[in-house]
Amino acid sequence: MELVIMLVIAVFVLSYRQQNGESVYKFIADTVLTVYNKYAPYSYQEVREKSKQLGQEYTPKEYLSQIILIGGGAAVVGYLYFYSITIAILYCVIAIMFIPYLAYLRNNRIYSEFLFEEIQVYTSNVINEFNTTQSFVKALEGVYESDILEDPVKSDVKTVIDMSYANGTIDEAVEWFNAKYPYYMVKNMHQLFVQITKEGAQDSGESLENMMLDIDLLVEGVYRDKMDREGSHKKFLGFGIALYFLVCLTQALLNPESYRKMLGLWYVQVLLHAIVVINSYFIISGEKFYNEDTGVE
């Protein structure tokens, strides 16, 4: 088994030396892309494409670094727990299989942050336009024609405009937009505009000004929460990784020979696997929480 591992490493090093790493990276990128295009849902393809446009999609080199870091870390943990190269390789393979899921979570967070910024621009500018036009649909047209929004929000604003003209009322269009973008600021702003449209636009200035203040406070709260999450996320990862190496403390309290004898007991093996699985679930759940939708209720 050790010979097989050494041969794999040797092949990789030789390939890297001969091609400066380009062929290796290209092979990994092409393989991942083929699998991705075959199995990824269309909605996530849009998310990933937007991440690429924003310049935040992982490069093949970054994916390779993750494979080495996460896979290598899992192999070290597996060997420290069980003193078995077979189990170390198994843990390494399983850990590498989770890398696409972690990339999925990261891309969703990037896309969510992008949408939140677009929604902030949308609500603020619609209110400003309404102060000039005194018409919700005209305000939407002004924001749409100004080209300050990006897709998909820009295209959806055009859909709202078309639906409003086709139906002769903004109710259905507003409900459709609220369902697609379930942000607190969107629902509140649309509710206010529906009320103004039905009851008249008189004395709406103070209400709109209060709405702008609410949006500013909400945006400030969301960005403060984002900074708090980033700080907590680093501490969380450090704590989670440290938990893996508590087995070293156990081995320090026992002599190596006693620990190896314990590994011969099936229930000890089950207990150690359970510790690794539970801690891994703990870390993945934390990653999922960290990458939750930004600003969405």
Side-chain angles (χ1 to χ4, degrees), residues 43-44 46-59 62 66 101-131 136 139-140 142-144 146-157 160 174 176-193 205-241 282-297:
S43 58
Y44 180 60
E46 291 184 316
V47 170
R48 183 171 177 269
E49 186 61 33
K50 180 56 70 175
S51 295
K52 290 174 65 176
Q53 293 175 11
L54 296 172
Q56 299 195 53
E57 167 72 358
Y58 280 142
T59 64
E62 288 173 323
Q66 283 200 331
Y101 178 67
L102 296 177
Y104 163 82
L105 292 177
R106 178 180 181 273
N107 282 337
N108 271 346
R109 174 174 56 82
I110 292 170
Y111 188 70
S112 176
E113 291 173 353
F114 161 76
L115 282 185
F116 181 77
E117 292 175 359
E118 287 294 293
I119 289 299
Q120 176 190 350
V121 172
Y122 163 75
T123 52
S124 300
N125 282 273
V126 168
I127 291 174
N128 290 332
E129 285 286 336
F130 186 86
N131 283 328
F136 177 59
L140 292 179
V143 172
Y144 176 78
S146 66
D147 283 333
I148 58 174
L149 294 175
E150 297 183 33
D151 285 334
V153 177
K154 182 178 180 180
S155 298
D156 291 335
V157 168
V160 171
V174 163
W176 177 82
F177 197 90
N178 286 349
K180 188 163 186 180
Y181 300 100
Y183 295 86
Y184 177 81
M185 69 176 88
V186 170
K187 293 180 179 179
N188 276 11
M189 187 193 75
H190 285 165
Q191 183 179 1
L192 177 60
F193 279 128
E206 184 177 353
S207 297
L208 294 173
E209 185 177 346
N210 291 334
M211 178 64 66
M212 285 290 287
L213 291 175
D214 289 342
I215 291 173
D216 290 340
L217 289 174
L218 178 62
V219 170
E220 181 182 350
V222 168
Y223 283 113
R224 188 184 302 115
D225 176 69
K226 178 184 175 182
M227 289 187 290
D228 291 342
R229 280 196 192 191
E230 289 176 351
S232 300
H233 180 245
K234 292 178 182 178
K235 296 178 181 178
F236 168 82
L237 282 181
F239 178 69
I241 292 172
F282 169 74
I283 290 178
I284 293 173
S285 298
E287 285 295 300
K288 185 176 183 300
F289 172 77
Y290 171 65
N291 291 286
E292 290 285 350
D293 290 341
T294 301
V296 179
E297 294 180 314

So, do V219 and I215 sit near enough that their side-chain heavy atoms are less than 4.5 Å apart? yes

Is it true that atom CZ of F289 has more than 12 heavy atoms of other residues, nucleotides or ligands lying nearer than 6.0 Å? no

Do S112 side-chain atoms and R109 backbone N/O form a donor-acceptor pair below 3.5 Å?
no

#### Entry: Cationic N near anionic O, under 4.0 Å, K50 to D151
no

### Query
When you look at F193 and V174, which way does the side chain to side chain contact (heavy atoms under 4.5 Å, CB included) test go after all the steps?
CA-CA 10 Å; F193 279 128; V174 163; over 6 Å; no

Tell me whether the rings of F114 and Y111 are parallel (<30°), tilted (30 to 60°) or perpendicular (>60°).
tilted

Heavy-atom nearest pair, N125 first then V121, reads ND2-O, 2.7 Å

Value for OH (Y104) from CD (E287), rounded to nearest 0.5 Å, stands at 14.5 Å

T123 side chain vs Q120 backbone, donor-acceptor pair below 3.5 Å
yes

Please work out whether the ring planes of Y122 and H190 are parallel, tilted or perpendicular, with thresholds of 30° and 60°. perpendicular

When rounded to the nearest 0.5 Å, the distance separating CZ of F236 from CD1 of I241 is 10.0 Å

Point to revise | side chain to side chain contact (heavy atoms under 4.5 Å, CB included) evaluation trace for D214 with Y184 | key: CA-CA 10 Å; D214 289 342; Y184 177 81; 5.8 Å; no

Per side chain to side chain contact (heavy atoms under 4.5 Å, CB included), N291 is matched among L102, L105, N107, N108 by L105

Distance col, row M211:CE vs F130:CZ, nearest 0.5 angstrom, shows 11.5 Å

Note: G142 and E129 closest approach over all heavy atoms is CA-OE1, 4.0 Å

Can you tell me how the ring of Y181 sits relative to the ring of F177, calling it parallel under 30°, perpendicular over 60° and tilted otherwise? tilted

Rounded to the nearest 0.5 Å, the CZ atom of R106 sits from the CD1 atom of I110 at a distance of 4.0 Å

Minimal heavy-atom distance between Y290 and R229, with the atoms involved, is O-NH1, 3.4 Å

